[in-house]
Structure formats: structure tokens, C-alpha cells
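Keep in mind that the numbers below use all heavy atoms, side chains included, and drop hydrogens, waters and symmetry copies.
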Amino acid sequence: MALLCAGFVDRPVAEYLYRKLYSTALFTWAQRLFPPLQALFAAWVLGALGAAAWGLSGKRLPAWSRVARLGALAAVGALAVAIGLKHLLGRSDVYPTYLIQGIYTLRPLHGGAGYSGFPSATMATASAVLSVFWVERPALRLLSLVALGVIVLALLVSNSHWVSDILGGGCLGGSLGVLVLRRSAVRLPRG
């Protein structure tokens with residue numbers, strides 16, 4: 001699916017959104033969403049590390065913290081894999097690499113500024129966390145879908161990622177969330 005998007009969907013969607021939404025209030029909102037999300041993620045990971053240290057000291061952790069710890073573990077794993085793939089593939093970014101400079105390419109093992117599009121680490125970490133919540137807290141499924149939708153919308157509107165980057169990040173994060181749950185002895189349906 002990501003390959004089809006890369007071939008037929010990515011550029012038309014990016015160009016359209018840039019023409020219609022660049023410098024609008026929605027564009028500004030989308031760009032402002034990410035710094036608080038990054039701060040929240042950092043605080044969450046630090047909290048999970050603190051919980052791990054607490055647990056290693058022999059003290060029992062509260063049951064409610066399990067989902068938060070598993071979500072943080074899945075998110076950190078998704079982030080690490082996404083960063084590795086970004087460097088390995090060297091996919092050109094939407095803005096400014098494509099929209100301003102006209103470059104749409106892969107530069108394997110290049111990575112870095114302008115070439116870190118695929119997969120979206122933001123989408124990978126969000127979908128990793130939300131997949132854990134999806135399984136562990138069914139009552140929060142609607143909220144999880146809304147949160148994921150807001151993140152997808154913000155990534156697209158701000159031209160932070162291609163559609164295929166978002167799909168790739170979502171698949172990566174969702175898979176790692178399920179893997180973490182399976183490794184933690186949660187019974188998931190096979191299939």
C-alpha cells in the first residue's frame with residue numbers, strides 16, 4: 001500500500017494541501033501540535049523509566065501503571081526502528097525538500113536533514129501507544145481513533161510527511177504495540 005501511495009498519491013496530495021492550506025490557521029495549528037506531543041512523549045518515557053527503576057528496586061508497581069509502561073515500551077521500540085529505517089532509506093521530505101526544491105527521491109544510507117521521511121516516527125510512536133490502549137482498554141477505543149485521526153490530519157496539513165510515510169509509521173507502530181503485548185503474556189486473538 002505504501003508503494004502505491006508513493007507512486008500515485010503522495011505528490012498530488014502534498015501539492016494540493018500546500019496550495020490550499022499553507023499559512024492558514026489550520027496549517028499553523030497543525031505545526032503547533034507537535035512540540036507539546038514531543039514533550040508529552042519525553043515525560044511519558046521518563047515516567048516509564050522511573051517505574052522500571054521502582055520495579056527493579058523490589059517494590060510492587062500499581063496495576064494501573066501496566067498499560068502506560070507497555071505503551072511507553074512499544075513507543076520507544078517504534079521510535080528506534082523508525083529512526084533506523086529513516087537513515088537506511090533516506091526518503092526525501094515533503095517540505096522543503098520536495099515542495100520547495102523539487103526533490104523526490106530515496107538516498108539510501110544518507111538520512112539526515114531533508115531525507116528522513118519514511119516512516120513517520122510520529123505516527124509510529126503514536127500508533128504503538130494507541131494499539132496498546134486499543135487492546136488493553138477497550139473503553140478508550142473511540143478516543144484512540146480520534147487521537148490517531150488528529151495526528152494524521154496534522155501530519156498531512158503541515159506537510160510534515162507523505163501519505164505513504166504515515167501508512168508505514170502506522171503499520172510499524174501498530175505491529176510493535178501488538179508485539180509488546182504478546183511478549184507481555186497478554187492473550188491476543190490469532191489472525
Side-chain angles (χ1 to χ4, degrees), residues 26-88 93-94 111-113 116-163 165-188:
L26 183 59
F27 177 83
T28 302
W29 164 84
Q31 285 193 313
R32 289 182 181 163
L33 178 68
F34 298 114
L37 283 179
Q38 291 169 336
L40 177 64
F41 176 71
W44 189 346
V45 169
L46 288 173
L49 288 173
W54 182 274
L56 288 174
S57 72
K59 297 179 178 154
R60 187 162 170 78
L61 293 167
W64 60 263
S65 71
R66 181 177 183 279
V67 176
R69 287 181 284 126
L70 291 174
L73 179 62
V76 168
L79 180 61
V81 172
I83 289 170
L85 287 171
K86 284 174 178 293
H87 182 74
L88 180 67
D93 294 337
V94 180
S116 59
F118 188 88
S120 167
T122 303
M123 190 65 184
T125 55
S127 59
V129 169
L130 294 173
S131 66
V132 169
F133 275 88
W134 182 272
V135 173
E136 287 284 305
R137 298 289 186 263
L140 297 177
R141 285 184 177 171
L142 180 60
L143 181 61
S144 296
L145 282 177
V146 169
L148 205 57
V150 167
I151 291 168
V152 167
L153 180 67
L155 288 170
L156 289 171
V157 166
S158 66
N159 278 310
S160 296
H161 278 287
W162 303 102
V163 172
D165 298 346
I166 295 167
L167 286 172
C171 290
L172 171 64
S175 298
L176 281 170
V178 169
L179 178 66
V180 164
L181 287 170
R182 286 207 172 155
R183 293 314 227 162
S184 70
V186 171
R187 301 267 183 221
L188 293 178

Judged by atom type as modelled, is there a donor-acceptor pair below 3.5 Å linking the side chain of H161 to the main-chain atoms of G117?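 Pair found, side chain donor or acceptor close to backbone of G117.
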
Nearest non-hydrogen partners of [X] and [Y], listed with the distance:
X: V132; Y: V67; answer: CG1-O, 3.9 Å
X: A124; Y: A78; answer: O-CB, 3.6 Å
X: K86; Y: P119; answer: NZ-O, 2.9 Å

Would you list the atom pairs, donor with acceptor, under 3.5 Å between side chains in residues 170-178 and any protein atom, with sequence neighbours excluded?
| from | atom 1 | to | atom 2 | distance (Å) |
| --- | --- | --- | --- | --- |
| S175 | OG | C171 | O | 2.7 |

Can you pull the side-chain hydrogen bond (donor to acceptor under 3.5 Å, both in side chains) pairs that have at least one residue in residues 141-158, sequence neighbours excluded?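 Matches after skipping sequence neighbours: S158-S160.
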
Answer whether the closest heavy-atom distance between the side chains of L181 and E136 falls below 4.5 Å.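 Yes. Closest side-chain heavy atoms under 4.5 Å.
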
Show me, pair by pair, the donor-acceptor contacts under 3.5 angstrom made by side chains of residues 28-41, not counting sequence neighbours?
| from | atom 1 | to | atom 2 | distance (Å) |
| --- | --- | --- | --- | --- |
| T28 | OG1 | T24 | O | 3.1 |

Spacing of [atom1] belonging to [X] relative to [atom2] belonging to [Y], to within rounding of 0.5 Å:
X: I166; Y: L156; atom1: CD1; atom2: CG; result: 3.5 Å
X: W134; Y: L142; atom1: CH2; atom2: CG; result: 8.5 Å
X: L85; Y: D165; atom1: CG; atom2: CG; result: 11.5 Å

Please name all residues satisfying ring-ring contact (aromatic ring centres under 6.0 Å, His included) with F27, sequence neighbours left out, ordered by chain then number.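 Scan of F27 (ring-ring contact (aromatic ring centres under 6.0 Å, His included), adjacent residues dropped) gives Y22.
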
For a quick test of your reading: what N or O donor-acceptor pairs under 3.5 Å do the side chains of residues 68-75 make, sequence neighbours left out?
| from | atom 1 | to | atom 2 | distance (Å) |
| --- | --- | --- | --- | --- |
| R69 | NE | S65 | O | 3.4 |
| R69 | NE | S65 | OG | 3.1 |
| R69 | NH2 | S65 | OG | 3.4 |

With side chain to side chain contact (heavy atoms under 4.5 Å, CB included) as the test, would you mind laying out the steps for F133 and L143 before giving the verdict? CA-CA 10 Å; F133 275 88; L143 181 61; over 6 Å; no

